[in-house]
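What follows is a single structure, written as structure tokens, with notes after it.
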Amino acid sequence: MCGITGWVSFDRDLTTETRALDAMTETMACRGPDDRGTWSEGHAALGHRRLAIIDLPGGRQPMTVRTPDGTVAMVYSGEAYNFTELRRELVARGHEFTTDSDTEVVLRGYLEWGDTVAERLNGMYAFAIWDGRHDKLVMIRDRMGIKPFYLYPTPDGVLFGSEPKAILANPLVRPRVGLDGLRELFTMVKTPGHAVWDGMREVEPGTVVTVDRHGPRTRTYWRLETRAHTDDRDTTVATVRELLDDIVRRQLVADVPRCTLLSGGLDSSAMTALAARQLAVQGEKVRSFAVDFVGQTDNFVADELRGTPDTPFVHDVARLARTDHQDIVLDVNSLADPAVRERVIRARDMPAGFGDMDASLLLLFRSVRDQSTVALSGESADEVFGGYLQFFDENARNADTFPWLSMAGRHFGEDTEVLRPDLVKSLDLDTYIADGYRSAVTGVQRLDGESDFEFTMRRMSYLHLTRFVRMLLDRKDRMSMAVGLEVRVPFCDHRLVEYVYNAPWALKSFDGREKTLLREATRDVLPRSVYDRVKSPYPSTQDPEYGRALQGQVMDLLARPGHPVFDLVDREKADRAAHRTGLGSQSARRGLERTLDLAHWLDLYAPELTLA
């Protein structure tokens, strides 16, 4: 896992641009604390920061191969979980390797198969290859969008990076954000290719972007497609289990300490239990970590989203799976610390709006990183298997919008409640969301003879797997890589995603509950308490002291009337939020967190805002 960046300019010699390349590369230092490297030749310059996971001494980058027709150089972030099989195939085809790294397998795979190497990879990755034989840059991103990847076209080439901050460090780029960028900030729609910053865009998941003297062109090598599912219930459950066993086995491979992130929910519990069973054969124990808050278990108050505290279920799993477990218990002072909020904003390059859930995730990962370098997570199982409340809510199912939005306001508050009324009018978020929804559902393919209800559920699954999950994957990547921790997501293996997506809802929920397929496929390794537990999302502190700490910070901000945040935030609304009582829920704290996030973002990045 690493941070990559680079610059291609067909009108200049980039070997003279070392200062700019160094600045871009150093923004990725948190993603790659173990090593750094740069390479430039003619029109191309590549930068890399390394987090060493496999072949610690041999996987240095940028990695190059000199051919009679020119140099081929690569910077790579991620993991190819099938690199061992690919290496054997490449050796059989005559390739000679000088390292044991998956990086070299991907590079030599490109030499053998060109950009169709993408179709052969199983993993999470974002990589760029400068092909000096043809004077072109090839950028490839994994199928699900697990690893971030951004590009910025220039008049004579392109800039790219794992994160926007790498691109923003180049002197050609000015940090500008217009209304469309703000629309993306204040909605949860994850428009494909959208990067918030003017002129910048994402390399979309499952695509290859090639840049040469004629400009960029994009090829899609993978998309979520509809296929007939012919397996019966028992076969489907067995196939899910076989896939999970293989996926976990592959994703446990590392030359550094590994662990699991355990929440006590079905997803992370199943993944942890499977990992524990596999490592036990090798005489190893799984390390597991969970996040908790001071006093939360003893003083827990159930609500519509969270009916039970996590910790008792976490401990049930840890006992049954015999993990080496540790609870990371956070207090209000840490969660509300402005320095933590600043680090969250810097990690994400934008005020993403997850509040204390971002802060606690960052603090959890920071503690985990003291003991492990690789962590397996249960992320994405809800999108794959249908675990969210909206999958079972008739209004959400039938809403002519993204299904999570029909419930978000009720549970988390409205994203625009503290914004200036004139800005809200200019943003016209209802139209933006409606346009995004109409565009998103055009990609859903319907089976011949598929019932209206089954197609509705397919559409919901499709939207979660192509839009919603990408927001959560980006969040997890940024928070983990900000502390140099690699988080792997077994439930995003494209084989599992394709198979379960095409299983009809009648199979996914054959007992009327959420994630039935996953529950039945792993029932033999789960404690009964977890098997019976109702879905509970990532935890949020219930301590009202957290809200009061935010109020004090907003009051301090209100004492600075010239702060640019008030170009976005309505002072009177912020003042009312700062004096509001009853701040134990996420919804109640939403306006405070949004105001502070925006203020930190403006202080850190000083973006030029275009509000008209």
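- At a threshold of 4.5 Å between non-hydrogen side-chain atoms, the residues Pro403 and Leu463 count as touching.
- Partner of Leu266 under the side-chain contact (heavy atoms from CB on, under 4.5 Å) criterion, chosen from Val534, Asp532, Leu526: Leu526.
- Look at Arg548 and Glu545 and you find a salt bridge, because one of the NZ, NE, NH1 or NH2 atoms lies within 4.0 Å of a carboxylate O, short of that distance.
- Among residues two or more places apart in sequence or in another chain, the salt bridge (charged side-chain N to carboxylate O under 4.0 Å, His left out) test is passed with Asp331 by none.
- Pro205 places none of its side-chain heavy atoms less than 4.5 Å from the side chain of Met144.
- Residues Asp267 and Lys515 are paired through a salt bridge, judged by an N-O separation under 4.0 Å between the basic side chain and the carboxylate.
- At least one side-chain heavy atom of Phe491 sits less than 4.5 Å from a side-chain heavy atom of Phe385.
- By the 4.0 Å N-to-carboxylate-O rule, Glu163 lies too far from Arg348 to be salt-bridged with it.
- Ring pair Phe293/Tyr546: centre-to-centre distance not below 6.0 Å.
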Could you pull out all donor-acceptor pairs under 3.5 Å where a side-chain atom in residues 363-375 meets a protein atom, sequence neighbours excluded?
residue : atom : partner : partner atom : Å
Ser367  : OG   : Leu363  : O            : 3.3
Arg369  : NE   : Gly484  : O            : 2.4
Gln371  : NE2  : Gln326  : OE1          : 2.8

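- A salt bridge is absent between Lys508 and Glu514: the closest approach of a Lys/Arg side-chain nitrogen to an acidic carboxylate oxygen does not fall below 4.0 angstrom.
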Notebook entry, point to check: What do the steps show when you test His325 against Phe289 for ring pair (Phe, Tyr, Trp, His ring centres under 6.0 Å), and what is the final call?
Noted result: CA-CA 6 Å; His325 180 73; Phe289 295 89; 7.5 Å; no
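- Listed by first and then second residue, the side chain to side chain donor-acceptor pair (under 3.5 Å) pairs involving residues 597-609 are Arg174-Glu608, Arg176-Glu608, Arg341-Asp597, Asp349-Tyr605, His563-Asp603 (not counting sequence neighbours).
- Between the side chain of Arg36 and the backbone N or O of Arg49, no donor-acceptor pair lies under 3.5 Å.
- Within the cation-pi definition used here (under 6.0 Å to the ring centroid, within 45° of the axis), Arg458 qualifies as a partner of Tyr501.
- Residues Tyr437 and Arg467 have side chains that never bring a donor and an acceptor to within less than 3.5 angstrom of each other.
- Separation of the Phe402 and His464 ring centroids does not fall under the 6.0 Å cut-off.
- A salt bridge links Arg589 to Asp356: at least one charged side-chain nitrogen sits closer than 4.0 Å to a carboxylate oxygen.
- Nearest approach of Val483 to Arg343, heavy atoms of both residues: CG1-NH2, 3.8 Å.
- Partners of Glu184 by salt bridge (charged side-chain N to carboxylate O under 4.0 Å, His left out), not counting sequence neighbours: none found.
- In this structure a side-chain-to-backbone donor-acceptor pair under 3.5 Å is missing from Ser439 to Gly436.
- Asp327 contributes no side-chain N or O that, together with a main-chain N or O of Val329, makes up a donor-acceptor pair within less than 3.5 Å.
- Checked for salt-bridge contact, Arg438 and Asp435 meet the test: a charged N lies under 4.0 Å from a carboxylate O.
- Looking at Asn398, its side chain does come within 3.5 Å of a backbone N or O of Glu394 through a donor-acceptor pair.
- Cation-pi geometry between Arg475 and Tyr538 is satisfied (NZ or CZ under 6.0 Å from the ring centre, within 45° of the ring normal).
- Using a 4.5 Å heavy-atom threshold, the side chains of Ile328 and Leu330 count as touching.
- Taking 4.5 Å as the limit, some side-chain heavy atom of Leu473 sits within range of a side-chain heavy atom of Ser380.
- Side chain of Gln390 to backbone of Ala396: no donor-acceptor contact under 3.5 angstrom is found.
- Qualifying salt bridge (charged side-chain N to carboxylate O under 4.0 Å, His left out) partners for Arg287, counting only residues two or more places apart in sequence or in other chains: none.
- At a cut-off of 3.5 Å, with distance as the only test, no side-chain donor of Ser288 or Thr272 sits close to an acceptor on the other residue.
- Without hydrogens or angle criteria, Asp142 side chain to Ile146 main chain gives a donor-acceptor distance under 3.5 Å.
- Under a 3.5 Å cut-off, the side chain of Thr610 and the backbone N or O of Gly178 do not form any donor-acceptor pair.
- Residues His194 and Asp180 bring no donor and acceptor atom of their side chains to less than 3.5 Å of each other.
- A side-chain donor-acceptor contact under 3.5 Å links Lys165 to the backbone of Arg346.
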Note to self: What verdict does the side chain to side chain contact (heavy atoms under 4.5 Å, CB included) test give for Leu151 and Leu159, after you've listed the backbone C-alpha separation in whole Å, the side-chain angles of each residue and the deciding distance to 0.1 Å?
What the structure shows: CA-CA 6 Å; Leu151 62 85; Leu159 303 164; over 6 Å; no
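- Every residue two or more places apart in sequence or in another chain that forms a salt bridge (charged side-chain N to carboxylate O under 4.0 Å, His left out) with Glu379 is listed here: Lys476.
- Taking CD of Glu383 as the start and OG1 of Thr466 as the end, the distance is 11.0 Å to the nearest 0.5 Å.
- Atom CG of Leu182 and atom CG of Leu568 lie 6.0 Å apart (nearest 0.5 Å).
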Margin query: Could you walk me through whether Ser268 and Ser263 satisfy the side-chain hydrogen bond (donor to acceptor under 3.5 Å, both in side chains) test, starting with their C-alpha distance in whole Å, then the side-chain angles of each, then the deciding distance to 0.1 Å, before giving a yes or no?
Written below: CA-CA 6 Å; Ser268 64; Ser263 72; 3.0 Å; yes
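- Salt bridge Arg470/Asp474: absent, no basic N to carboxylate O contact under 4.0 Å.
- For the residue pair Thr431 / Asp428, a side-chain donor-acceptor distance below 3.5 Å is found, with atom types taken as modelled.
- Counting heavy atoms from C-beta outward, Trp197 and Val177 have side chains that approach closer than 4.5 Å.
- With a 6.0 Å cutoff to the six-membered ring centre and a 45° limit on the axis angle, Arg141 does not count as a cation-pi contact of Phe149.
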Check: Do Lys573 and Glu417 pass the salt bridge (Lys or Arg N to Asp or Glu O under 4.0 Å) test, and can you show the C-alpha distance, the side-chain angles, and the key distance before you say yes or no?
Finding: CA-CA 8 Å; Lys573 292 178 181 179; Glu417 66 179 20; over 6 Å; no
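- The pair Arg31-Asp477 meets the salt-bridge criterion, with a side-chain N (NZ, NE, NH1 or NH2) lying under 4.0 Å from an Asp/Glu carboxylate O.
- Taking 4.5 Å as the limit, every side-chain heavy atom of Ser360 sits out of range of all side-chain heavy atoms of Thr541.
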